[in-house]
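In what follows, a structure is listed as structure tokens, so that the remarks can point back to it.
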Amino acid sequence: MSDSNKQAYLYILNALNFSYLNGNTTKIDAIQNQEWLSLTFNQPFWVITRVTGCPLYIETDEARYSVEPGQALIIPAHTRYRIKPLGREYVTHWLNMNLILFDHLDLLHTIKTPYVTTVSAGNKIGRLHGEITALMNREHTVGRASLIAMLQLKRRIYSLLELIMSFPDVNFATVEEIGKFERFRPVLSHIERHLAGNIKVSRLAELMYLSNSHFYKEFQEAFGLPPMQYISQQRLRKAQYLLATTDLTIKEIGNRVGYGNPYSFNRFFKSMHGSSPGQYKKTAANSMHSIPF
């Protein structure tokens, strides 16, 4: 391995982390949960689930995906979807998590649509799900045993993510492609630290010792969108995450993403997402705390 490739591997390895939010097994009665099943979900985290019981459809705005009992389903973050069971009852063995690079870039972002596995892969995911939830739900230990338990849990989560990334028909960015973001690390870190304030493109260009026009061109080539549009996207995603996973008020969340005026935050969120922050928080609460799949 060349020195440059080794540096890229080390850089990505040290910048890689996961965010585990929740996980469990839930039995869904289609008759008793008709109101919940009528909702459209759009969560700021990944849903990885194995389905047993009756088959079902997952419907997005673009397509419908059939899931048979025993298959696993991977739903990307920020995907609008609805659930249509094809029978009275199904069971979902689910995990909510994100795999993050550089503190805020989603490594799995290259999966653009829900992905349905084979039953064989579903069985492997189901086994890892069982081990992960058992470790999460067991009585907390102290001292050395607690550290060992955390390492056991982390190993299984990474095994699950490794399995997902090994599917031959799922495409991911290469190490070389991911490595191109390394030169933008000061810019990305600055954006993440200053989402609550005023971010100027001129300051981002200074961090890379480029003119405004040169920086604008290079940023758009690397990320596929202009700097200010990227910043708006990051503000939206942070707002979605906080709405779904914290008890902060909408005003407090608006302040954290640069909108001190609740009306301005509401207008921004609705223009970017299509619903108000309050509507999103209500739907996310159903997802996180009631039946997350």
Side-chain angles (χ1 to χ4, degrees), residues 16-28 30 37 40-101 106-137 152-175 177-178 287-288 291-293:
L16 180 64
N17 208 341
F18 68 83
S19 174
Y20 175 94
L21 293 111
N22 208 348
N24 217 326
T25 294
T26 309
K27 182 182 291 186
I28 312 295
L37 291 169
T40 296
F41 297 97
N42 184 348
Q43 299 135 322
F45 45 77
W46 284 73
V47 178
I48 302 169
T49 180
R50 179 172 179 264
V51 175
T52 56
C54 74
L56 53 86
Y57 288 131
I58 296 295
E59 296 180 346
T60 68
D61 293 341
E62 292 79 27
R64 170 184 283 186
Y65 302 84
S66 176
V67 186
E68 296 295 327
Q71 292 182 313
L73 174 68
I74 303 162
I75 303 176
H78 309 290
T79 299
R80 287 169 51 87
Y81 69 92
R82 297 164 296 280
I83 304 164
K84 304 294 181 184
L86 301 179
R88 171 67 185 264
E89 186 176 273
Y90 71 91
V91 179
T92 169
H93 313 267
W94 53 272
L95 296 167
N96 295 335
M97 65 176 65
N98 285 323
L99 184 61
I100 304 298
L101 269 175
D106 183 359
L107 182 63
L108 303 179
H109 74 282
T110 47
I111 298 181
K112 301 297 185 184
T113 60
Y115 179 80
V116 181
T117 75
T118 63
V119 171
S120 175
N123 290 337
K124 294 176 183 177
I125 288 175
R127 176 179 57 80
L128 286 166
H129 167 272
E131 294 174 358
I132 290 167
T133 52
L135 284 165
M136 285 297 299
N137 294 331
Q152 291 173 338
L153 176 63
K154 195 165 189 176
R155 176 167 61 85
R156 284 164 174 81
I157 291 176
Y158 275 124
S159 293
L160 175 62
L161 296 170
E162 178 186 3
L163 175 63
I164 292 170
M165 296 182 74
S166 72
F167 296 150
D169 46 352
V170 173
N171 296 318
F172 294 94
T174 65
V175 168
E177 290 170 332
I178 295 171
S287 171
M288 279 292 290
I291 307 171
F293 167 70

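Bear in mind the structure is a predicted one, so any value in this text is a computation, not a measurement. These numbers come from the heavy atoms of this one structure, side chains and all, not from hydrogens, waters or symmetry mates.
Of all heavy-atom pairs spanning A121 and F167, the tightest one is CB-CE2, 3.8 Å. In terms of heavy atoms, L37 sits closest to K84 at O-NZ, 4.5 Å. Of all heavy-atom pairs between A77 and P44, the closest is CB-C, 3.9 Å. Contact detail for A72 and I125: the closest heavy-atom pair is CB-CD1, 3.6 Å. The two residues V119 and Q71 have their closest heavy-atom pair at CG2-CG, 3.9 Å. L73 approaches P114 most closely through the heavy-atom pair CD1-CB, 4.2 Å.
Atom OG1 of T40 and atom CG of D61 lie 7.5 Å apart (nearest 0.5 Å).
Contact check for N22 versus W94: side-chain heavy atoms found under the 4.5 Å cut-off. Annotation: side chain of I132 is in contact with side chain of Y20 (closest heavy-atom distance under 4.5 Å). Using a 4.5 Å heavy-atom threshold, the side chains of L128 and L95 count as separate. With a 4.5 Å cut-off on side-chain heavy atoms, K124 and T117 do not count as touching. You'll find the side chain of I58 reaches within 4.5 Å of the side chain of I83, heavy atoms only. For the pair W46 and I164, the minimum side-chain heavy-atom distance is 4.5 Å or more. Looking at heavy atoms from C-beta onward, Q43 lies in side-chain contact with Y81 at the 4.5 angstrom threshold.
Scanning for side chain to side chain donor-acceptor pair (under 3.5 Å) contacts around Q152 gives an empty result, with sequence neighbours left out. Evaluation of the salt bridge (charged side-chain N to carboxylate O under 4.0 Å, His left out) rule for R127 yields E131 as partners, not counting sequence neighbours. Shown here are the salt bridge (charged side-chain N to carboxylate O under 4.0 Å, His left out) partners of E59, two or more places apart in sequence or in another chain: R64, R82. With sequence neighbours excluded, the residues forming a side-chain contact (heavy atoms from CB on, under 4.5 Å) with T25 are V91, H93, H129, listed by chain and number. For Y158, the ring pair (Phe, Tyr, Trp, His ring centres under 6.0 Å) criterion is met by F18, not counting sequence neighbours. Applying the side-chain contact (heavy atoms from CB on, under 4.5 Å) test to P55 and every residue at least two apart in sequence or in another chain returns E68, P69, L86.
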Checking R50 against N123 for the side chain to side chain contact (heavy atoms under 4.5 Å, CB included) test, could you report, in this order, the C-alpha distance in whole Å, the side-chain angles of both residues, the deciding distance, and whether it holds? CA-CA 8 Å; R50 179 172 179 264; N123 290 337; 2.8 Å; yes
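A donor-acceptor contact shorter than 3.5 Å is absent between the side chain of T133 and the backbone of G23.
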